[in-house]
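On a predicted model such as this, the values are computed, not experimentally measured, just so you know.
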Amino acid sequence: MESELLGAMQTALHDDIRRLAESFARGVLDAIRSTSMDELLELSPSPRPARAVPVPARRNGKKRVSSNPTAGADALLDNLVETVKKFPAGLRSEELRSLLKMEKVPFRLVAREAVDANLIRRTGEKRSTTFFPQ
């Protein structure tokens with residue numbers, strides 16, 4: 001009798017653990033599916049090499065890449081503000097980054113600077129972030 005009770009308790013415990021594990025796995029998969037690849041890579045624990053900020057092309061047409069992340073920041077800021085002004089209905093963050101051909105981290109830095117300086121306005125969070133002219 002006692003062994004039957006112990007066996008039933010172990011089976012119930014195993015069933016509870018299995019249900020919790022399945023629920024957790026579903027939640028993790030749902031979170032991953034609703035997140036962009038760039039955001040997932042940002043969460044990656046492995047160190048990624050720092051990316052250089054692109055600066056305007058030289059006369060011969062070849063792009064230079066600056067190792068100084070602040071190089072050309074004013075030009076990038078001006079370009080971002082001018083691009084946003086062309087779209088009074090607003091631009092989503094991904095669209096704006098695509099138009100400017102910028103990587104995510106430099107874009108975020110320049111966009112934050114523009115918002116802090118009240119040059120543009122921002123609404124939303126994560127993938128629904130939209131920028132508007134001020």
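Annotation for Leu80 and Ala114: closest pair CD2-CB, 3.9 Å, computed over non-hydrogen atoms.
Rounded to the nearest 0.5 Å, atoms CG (Asp116) and CZ (Arg122) are 9.5 Å apart. Atom CZ of Arg121 is separated from atom CD of Gln134 by 6.5 Å, given to the nearest 0.5 angstrom. The structure places CZ of Arg97 at 13.0 Å from CG of Leu91, a figure rounded to the nearest 0.5 Å.
Other members of the hydrophobic cluster containing Leu13, listed by chain and number, are Ile17; membership follows side-chain contacts under 4.5 Å among ILVMFWY residues, whether direct or relayed. The hydrophobic cluster analysis finds Leu29 isolated: no Ile, Leu, Val, Met, Phe, Trp or Tyr side chain comes under 4.5 Å of it, directly or through other members.
Judged purely by atom type and a 3.5 angstrom limit, Ser23 has no side-chain atom pairing as donor or acceptor with the backbone of Arg19.
Hydrophobic cluster membership is shared by Leu119 and Val84, with clusters built from Ile, Leu, Val, Met, Phe, Trp and Tyr side chains linked at under 4.5 angstrom.
Residue Arg112 places its CZ atom among 12 or fewer non-hydrogen atoms of other residues, nucleotides or ligands, all under 6.0 Å distant.
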Handout entry: Verdict with supporting geometry, Phe132 and Ile120, side-chain contact (heavy atoms from CB on, under 4.5 Å)
Key = CA-CA 6 Å; Phe132 298 92; Ile120 60 174; over 6 Å; no
Listing, residues 124-131 side-chain donor-acceptor contacts under 3.5 Å, not counting sequence neighbours, or none:
unit_1	atom_1	unit_2	atom_2	d
Arg127	NE	Glu94	OE2	3.0
Arg127	NH2	Glu94	OE2	3.3
Ser128	OG	Glu125	N	3.4
Ser128	OG	Glu125	O	2.9
Thr129	OG1	Lys126	N	3.3
Thr129	OG1	Lys126	O	2.9
Thr130	OG1	Ser128	O	3.2

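Ionic pairing of Lys86 and Glu82 is not present here: no N-O contact between side-chain nitrogen and carboxylate oxygen is shorter than 4.0 angstrom.
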